[in-house]
Amino acid sequence: MARYNFRNSEARWQKTWQDKNCFKVSEDPDRPKYYVLEMFPYPSGRIHMGHVRNYTLGDLVARYKKARGFNVLHPMGWDAFGLPAENAAIANNVPPADWTRENIATMRDQLKSMGLSYDWDRELATCEQGYYRHEQKMFLDFLKAGLAYRKESWVNWDPIESTVLANEQVIDGRGWRSGALVEKKRLAQWFLKISDYSEELLQAIDTLDRWPERVRLMQANWIGRSEGMRLEFNIKGREDRLEVFSTRADTLYGATFCAISPNHPLAEELSDGNDGLTEFIAECNRLGTSEAAIETAEKKGFDTGLEIIHPFIEEKTLPLYVANFVLMEYGTGAIFGCPGHDQRDLDFARKYDLDVIPVVAPKDADAAEFSIGNEAYLEDGIHINSEFLDGLNITDAKAAVADRLEDIGCGRREINYRLRDWGVSRQRYWGCPIPVINCDDCGVVPVPEQDLPVELPMDVSFDQPGNPLDHHPTWKDVDCPSCGKPARRETDTFDTFFESSWYFARFCCPQSAEALDRAAVDYWMPVDQYIGGIEHAVLHLLYSRFFTRALEKCGYLGLAEPFAGLMTQGMICHETYQDQDGRWLFPDDVVKNDDGKFVLASGVGDVTIGRSEKMSKSKKNVVDPELIIKEYGADTARLFMLSDSPPDRDLDWTEAGIEGAWRYINRLWRMVSEPKIEMPVSGAPMPAEIDDVAEKVRRLVHQTVAAVNGDLDRFHFNKAVARIRELTNAIEELRDQDGAAWVYRFGLETVIKLIGPMMPHIAEEMWAEMGNDGLIAELPWPDYDESLLVEDTVTIAVQVNGKTKGTVDISRDADQEAAEAVALALPSVENSLNGGAPRKVIYVPNRIVNVVV
RNA sequence: GCCUCGGUGGCGGAAUUGGUAGACGCGCCGGAUUCAAAAUCCGGUUCUGGCAACAGAGUGAGAGUUCGAGUCUCUCCCGAGGCACCA
């Protein structure tokens, strides 16, 4: 029996779609538009399974929406600037541009072999000056609009390599290549004022009703609005005051210390001539800039000897510490510690033997007896030990303390956000040059617009550590556009999130001479469905939301929210394998022997199987999609991506799963290539009489279309696949029943249309094999007949005390009397009743009868 | 450490609003076909006891609400993603 020849078929249909320009689109005001976008890939070298999943999901949505009559924009491009190109340049001596462009060429071919419905004419790569030149103009506009500014900020510094390190390149406090202890260094850098939009970005989350709830929550928490007070404390023996932000000013009577960040200006001032403090700050700085590292480090403090004067309690002072857990970026970089009601403060107090004074007690507690053990008391209650606050609950106490502090000029109510401004400067070569010039006399001078673009030079060398632009002799040296004297070009480049914050708009008009063509952007934007990894839930998506607002402010486009719908996909996982020495093994290095044990493919040797984890190069648990596509075809890979797990969950890659998908495809192919009955010709009308079995399948066809529509609309793709398989099973039953020929053909044609967006190649092949005209890629989605969706009888469960005892068939919407009668007649129910009468019978029409005894 | 999500058979997962737990697929077991194998087809498959009819248990652990809980509430355990310079 003939196997489906995917090699021949897939290449042929890909060519047909291309020759007929099936997926080329333009603005058409008469049709509803639908913009489907998958997060564009970083050209790392070859596509991985995560890409296959992402683009399979997007392609399904795009083809489905097209079949439903939408004018679908579905573009693809390359997020082409970034660190890996520089790492490759250093490791293999390849220019980043060559490395990137070669990767793009490879990956484009790989994507094309998947049969994705992209309008390839819109392809773009962010590393080409035709793209990045526009963001240089945007930056100049942001400067004019007050959305960009320069300030000093901290970076990880590798003292051996004299290089700035990304957090990723800091491993256990050391540089990944040099092994040197990392230091923090202060540099002047460019920032975008995302904090101006904190409230707006937070409020607008409510309008994103087609985003996953968890992403909305994560963004809201990231923005982190909190209402509190900015307090101003006098410092004993000094003129200046210490500013502190707190959301719990009501606990001020329980304050027993204050702490400032190691990077607080006061800490730096005090460290002058204080060796102990200087060393402590250096130690804190060795933690690097990552918040996770700082927050998980052991909490430590250094007593500065300064005393902070309590604003309410006469004679009372609080010791001032420098503490490694106080972040300069949040609030004012200083806190007051109330150990009784904050766990971190309590741990700190216990460690340094500071007082713990409870100031809030549970309502029913005896205030005189209440004390704090090893757990801070965080709940509401009544204030104690707090003079004018005593007896108040937290809310009232907050109001009272705020009024008093404002009266005496020691503080004011303030809303604080956790969100920090976006630092966009990177001390790297492979990125978009920041279009400014540094002049000794004029300071920072923007590059005049007529001099744009500032092109990234190609003749650079990675012989020396650091940013090659810093040692490029001619590119860097320019005349000041303002005074004409010799000056230096800015050698920092933009964060690559800059490129990914507007590419979705550029896809609407990729060839436009201006950054954005308003007419095209107005027609296509917003993106109706954005699809990508959950790892981008906060940063990329939040930056894009801000950037769109910034572009709106500067007149580039006319909307605030770029993504109306969002679907986040889970990751691809695979079992991990290690040899006897603990070395990771590729799946291909491992085989199952005759006893079912896993051994080394190269010979005998034990293999330890680890649990399934996210596919990663470091653990070698990767499967190359190209090999899978070559061995099984794109449709098989696509089906597997859709069938096993729902899109937002992690997916386990298994060889058995791909085999199962391949078997199904062959089964489908046999159903058209080797029918056992004479099928009616294409388009034949339904016969007047259909036998019972066939009629049941005919109804199932309609029911399946309706159900699949619902599943696809809600992204329950795995359920849609399951339903289509069920329908396939039912149709196959008719395969040798002559009287069912019409329904067989009708069912099969419907199945073909339903699988079209999932497995586009075999759908076309089957459609053509059956003698039909047209392309599935261009045919409308099947309709269904509403009247065939409901059956006259339903099977309902019969329970006794909530435990299922059996089922009964009953006419739809039967009344309670009828349902009770059949339920009570069930032998197992009679048994349970033991001759007695039920206490009560609960009946939910078309669902259950529950007999309570 | 903080924010977020998840945990259901041997495995991936189904289960509108609280209403038949295990759809569909994988794997496994048995059978057909075959000289044999692959492929294909048929049947079975949550666990425990039983030849069976059937009985009992069962959705990470423990408690609670309810006629009824995978679904709601509380406490706990485990895993994953993010934490601002990986993309």
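Every heavy atom of this structure was used, including side-chain atoms; hydrogens, water molecules and symmetry mates were not. Just so we're clear, the structure is a prediction, and the values are computed from it rather than from any experiment. Quick note on labels: first sequence line is chain A, next is B, and so on, each numbered from 1.
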Quiz item: Which nucleotide, B:rU4, B:rA23, B:rG12, lies nearest any side-chain atom of A:Ala722?
Solution: B:rA23

Exercise. Answer with base, sugar-phosphate or nothing: what part of the nucleic acid does A:Arg426 contact at a heavy-atom distance below 4.0 Å?
Key: base

Practice problem: Between B:rA84, B:rC26, B:rC85, spot the one nearest the side chain of A:Ala166, thanks. | Solution: B:rC85

Quiz item: Checking only heavy atoms, does the side chain of A:Arg847 share a donor-acceptor pair with the base of B:rU17 at less than 3.5 Å?
Solution: yes

Self-check item: Among B:rG19, B:rG27, B:rA87, the nucleotide that comes nearest once only the side chain of A:Ile848 is considered
Solution: B:rG19

Practice problem: When you get a sec, tell me which of B:rA21, B:rG13, B:rG81 is the closest nucleotide to the side chain of A:Glu535? | Solution: B:rG81

Practice problem: Give A:Val164 one of three labels, base, sugar-phosphate or nothing, depending on what nucleic acid heavy atoms sit under 4.0 Å from its own. | Solution: base

Quiz item: So what does A:Val844 hit on the nucleic acid, given a heavy-atom distance under 4.0 Å: a base, only sugar-phosphate, or nothing?
Solution: base

Exercise. Record whether the side chain of A:Asn221 comes under 3.5 Å of the base of B:rC3 through a donor-acceptor pair of N or O atoms.
Key: no

Quiz item: Looking across every strand, which nucleic acid part, if any, lies under 4.0 Å from A:Leu419 by heavy atom: base, sugar-phosphate, or nothing?
Solution: base

Practice problem: Give A:Arg723 one of three labels, base, sugar-phosphate or nothing, depending on what nucleic acid heavy atoms sit under 4.0 Å from its own. | Solution: nothing

Exercise. Check every strand shown and say whether A:Thr296 touches a base, only sugar-phosphate, or nothing at a heavy-atom separation below 4.0 Å.
Key: base

Self-check item: Strand RNA chain B in bracket notation, Watson-Crick/G-U under 3.5 Å with | for pairs to another chain
Solution: (((((((..(((......[....)))((((((.......))))))((((....))))..(((((..]....))))))))))))....

Quiz item: A:Arg3 has a side chain; which of B:rA84, B:rU4, B:rA39 sits nearest to it?
Solution: B:rA39

Quiz item: Between B:rG13, B:rG81, B:rG25, which nucleotide gets closest to the side-chain atoms of A:Asn729?
Solution: B:rG25

Quiz item: Using a distance-only test with no angle check, is there a side-chain donor-acceptor pair under 3.5 angstrom linking A:Gln343 and A:Asp347?
Solution: yes

Exercise. For A:Asn167, answer base if it contacts any base atom (sugar-phosphate contacts may also be present), sugar-phosphate if it contacts only those atoms, and nothing otherwise; contact means non-hydrogen atoms under 4.0 Å.
Key: sugar-phosphate

Quiz item: NA contact type, A:Glu499, heavy-atom cut-off 4.0 Å: base, sugar-phosphate, or nothing?
Solution: nothing

Quiz item: In terms of side-chain heavy atoms of A:Pro646, which of B:rA14, B:rG19, B:rC24 is nearest?
Solution: B:rA14

Practice problem: Looking only at side-chain atoms of A:Arg670, point me to the closest of B:rU40, B:rC67, B:rA84. | Solution: B:rU40

Practice problem: Would you kindly compare A:Glu295 and A:Ala292 by the position of their nearest RNA chain B nucleotide and give the one closer to the 5′ end? | Solution: A:Glu295

Quiz item: Using the C1' atom in both, what is the distance from B:rC77 to B:rG62, to the nearest Å?
Solution: 11 Å

Exercise. For A:Gln427, answer base if it contacts any base atom (sugar-phosphate contacts may also be present), sugar-phosphate if it contacts only those atoms, and nothing otherwise; contact means non-hydrogen atoms under 4.0 Å.
Key: base

Quiz prompt | Annotated protein contacts, base or backbone, on nucleotides 51-58 of chain B with a non-hydrogen cut-off under 4.0 Å, one of B, S, - each | solution = ------S-

Quiz item: Does the side chain of A:Asn416 come under 3.5 Å of the side chain of A:Ser226 through a donor N or O and an acceptor N or O?
Solution: no

Quiz item: Could a donor-acceptor pair under 3.5 angstrom be found where the side chain of A:Arg839 meets the base of B:rC67?
Solution: no

Practice problem: Classify the side chain of A:Gln343 versus the base of B:rC2 as yes if they form a donor-acceptor pair under 3.5 Å and no if they do not. | Solution: no

Quiz item: Between A:Gly82 and A:Lys299, which has a closest nucleotide on RNA chain B that is more 5'?
Solution: A:Lys299

Quiz prompt | Nucleotide of B:rA80, B:rC5, B:rA14 approaching A:Arg649 most closely (side-chain heavy atoms) | solution = B:rA14

Practice problem: Give A:Thr807 one of three labels, base, sugar-phosphate or nothing, depending on what nucleic acid heavy atoms sit under 4.0 Å from its own. | Solution: base

Quiz prompt | A:Ser643 side chain near B:rG25 phosphate (N/O to OP1/OP2, under 4.0 Å) | solution = no

Quiz item: With A:Val622, which residues qualify under side-chain contact (heavy atoms from CB on, under 4.5 Å), at least two apart?
Solution: A:Phe586, A:Met615

Practice problem: Check every strand shown and say whether A:Asp648 touches a base, only sugar-phosphate, or nothing at a heavy-atom separation below 4.0 Å. | Solution: nothing

Quiz item: What does A:Glu726 touch in the nucleic acid at a heavy-atom separation under 4.0 angstrom: a base, only the sugar-phosphate, or nothing?
Solution: sugar-phosphate

